[in-house]
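Read through the structure below, which is laid out as structure tokens, and then see the notes.
The figures that follow rest on heavy atoms only: side chains count, while hydrogens, waters and symmetry mates do not. Numbered from 1 within each chain, the chains take letters A, B, ... in sequence-line order.
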There are 2 protein chains.
Amino acid sequence: MPEAFDQHIALTVDVVIFTLLDDELKVLLIRRRHEPFAGMWALPGGFVQPDESLEEAARRVLYEESGATDVYLEQLYTFGHPERDPRQRVVTVAYFALVSADRLPLDVQSPRSTERGWWPAYEPPPLAFDHADILAYALQRLRYKLEYTAVGFQLLPETFTLTELQTAYETILREQLDKRNFRRKVLSAGILEETDEFKSGGHRPARLYRFRREATVESTARRLFP
Amino acid sequence: MPEAFDQHIALTVDVVIFTLLDDELKVLLIRRRHEPFAGMWALPGGFVQPDESLEEAARRVLYEESGATDVYLEQLYTFGHPERDPRQRVVTVAYFALVSADRLPLDVQSPRSTERGWWPAYEPPPLAFDHADILAYALQRLRYKLEYTAVGFQLLPETFTLTELQTAYETILREQLDKRNFRRKVLSAGILEETDEFKSGGHRPARLYRFRREATVESTARRLFP
DNA sequence: GCAAAAGTGTTTAAGATACACCCATGT
DNA sequence: ACATGGGTGTATCTTAAACACTTTTGC
């Protein structure tokens with residue numbers, strides 16, 4: 001890192017906030033009030049303040065826009081094409097967050113205003129800046145992580161049934177999974193613990209499970225080489 | 001992304017440049033001439049210029065410091081702790097590069113000066129700033145990628161023997177691999193093509209192989225869930 | 001002819017996949 | 001009693017892992 005003065009590049013964070021609502025994977029979008037791209041939808045974001053770390057900035061934006069705290073948040077990628085903002089050079093560090101719907105304030109779950117809303121993550125409206133690229137990348141990363149880690153629990157409430165968990169996976173991966181294989185695999189992975197409670201709405205009550213926090217299941221990707 | 005002016009955060013790129021020399025995984029380090037950390041070793045880096053993308057900045061640093069072009073380069077992570085540079089707020093986008101030794105100019109392969117050198121990646125000297133964290137993270141990512149992609153070829157010359165390839169993997173992963181299993185797996189993956197040439201130095205000549213560029217082998221990680 | 005690295009198959013174990021019926025409850 | 005989602009086991013196939021000897025060349 002040579003010595004020189006910086007060249008006045010602005011630095012922001014943008015946060016792709018995912019949740020499950022109505023059996024669909026949703027992403028939180030904010031309508032832009034100012035040019036450029038006024039009236040278009042965009043990812044929540046903000047400038048990094050001088051005294052906060054990048055993750056602190058992302059958590060701040062996450063809280064300001066969704067009200068959620070203590071949720072899963074991961075740095076995604078840094079986007080820095082010189083023309084990505086027509087006004088000035090802006091480099092953005094993108095994060096993605098997974099929030100279970102029950103941790104969202106009610107007015108965020110179903111926003112009344114037309115200035116903010118949960119959009120189907122796979123069918124977003126046209127987005128400002130390069131936010132469509134950022135969202136596409138976040139979706140790819142989410143699918144990828146889902147396949148080899150236990151991160152899917154972050155989108156469910158504290159306790160959940162196995163069917164709810166499976167449905168969450170199916171929703172995000174957009175494919176059907178076999179019930180018996182799913183249950184066997186998720187149970188033998190040792191990342192869940194039974195509770196004594198059952199969820200009884202409608203028909204046969206289903207056992208509720210809880211994610212075991214101590215289980216670090218980064219799992220075992222299949223090696224390409226021996 | 002709300003409207004506001006940026007707060008004068010400097011933006012740099014740092015590049016972790018790996019190569020294989022003397023059957024060891026090496027990383028290129030530069031000795032710092034100025035405070036802070038004058039005299040200590042650091043990763044090559046530089047400020048992002050107003051008109052260049054992040055990757056262009058990384059390739060520029062890569063070329064300036066190693067002379068290498070057209071090599072594997074991937075964005076690693078963005079480090080932005082407020083105190084990581086004692087002078088001012090500096091956020092750095094870290095990249096890592098894989099360079100085969102034969103693509104390095106001779107004076108870079110064996111630098112005469114004491115201002116620059118190839119250090120064992122797993123036993124680096126004390127590093128300036130948070131560069132030890134960056135290097136550790138790059139090593140982790142390299143090992144990880146090696147296990148499920150074909151990226152290891154990037155560290156070898158245009159053609160190579162299977163033993164050379166296996167040795168490269170063993171060097172980076174720091175574990176022994178079974179010769180028969182390794183060969184079967186790498187050959188059945190369809191990412192290599194035979195050449196008609198043999199490498200004959202010493203004993204029985206070994207067939208030379210070439211990486212098939214068209215083979216996109218991001219491979220098939222084993223799913224945690226069905 | 002011998003030292004040194006190249007090259008080659010098989011057996012066993014583990015894990016993935018495909019598949020169909022009974023159970024407990026609310027109405 | 002029936003409709004609905006909850007819950008369970010097995011057989012087969014694919015893939016990973018362990019393992020030792022023959023071949024070809026240079027000296």
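As rounded to whole Å, 14 Å separates atom C1' of C:dT8 from atom CZ of B:Arg207. The distance from atom CD of A:Gln166 to atom P of D:dG7 is 12 Å, rounded to the nearest whole Å. Atom-to-atom, NZ of B:Lys199 to P of C:dA4 comes out at 19 Å; the value is rounded to the nearest Å. Look at NZ on A:Lys185: it is 14 Å from C1' on C:dA18, rounded to the nearest Å. Atom CD in A:Glu164 sits roughly 12 Å away from atom C1' in D:dG6 (whole-Å rounding). Protein atom CD of B:Glu194 is 14 Å distant from nucleotide atom C1' of C:dT8, rounded to whole Å. The nearest whole Å value for the distance from the CG atom in B:Leu165 to the C1' atom in C:dG7 is 15 Å.
Relative to the ring axis of B:Phe96, B:Arg141 does not place its NZ or CZ within 45° and under 6.0 Å from the centre.
Judged purely by atom type and a 3.5 angstrom limit, A:Thr19 uses its side chain to pair as donor or acceptor with the backbone of A:Val99. In this structure, the side chain of A:Arg210 does not engage the main chain of A:Glu158 through any donor-acceptor pair within 3.5 Å.
Between B:Glu64 and B:Arg60 there is a salt bridge, since at least one side-chain N of the basic residue sits less than 4.0 Å from a carboxylate O of the acidic one. In summary, A:Glu55 and A:Arg59 engage in a salt bridge, as defined by a charged side-chain N under 4.0 Å from a carboxylate O.
Taking the six-membered ring where tryptophan is involved, the planes of A:Phe211 and A:Phe153 are essentially parallel, since the angle between them stays under 30° and well short of 60°. By the 30° and 60° cut-offs, the orientation of the rings of B:His131 relative to B:Phe129 is tilted.
With distances taken from any side-chain atom of B:Arg183 to the nucleotides C:dG7, D:dG6, C:dA16, the minimum falls on C:dG7.
Residue contacts for A:Thr163: at a heavy-atom cut-off of 4.0 Å it reaches the sugar-phosphate backbone alone, with no base atom in range.
Here the shortest heavy-atom pairing between B:Val27 and B:Ala121 reads CG1-CA, 4.0 Å.
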Watson-Crick and G-U pairing of DNA chain C written in dot-bracket, each distance under 3.5 angstrom, with | for inter-strand partners | |||||||||||||||||||||||||||
B/S/- contact track for nucleotides 19-27 of chain D, protein heavy atom under 4.0 Å = BB--BBBS-
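Put simply, the residue from B:Leu104, B:Leu20, B:Leu25, B:Leu29 that forms a side chain to side chain contact (heavy atoms under 4.5 Å, CB included) with B:Trp118 is B:Leu104.
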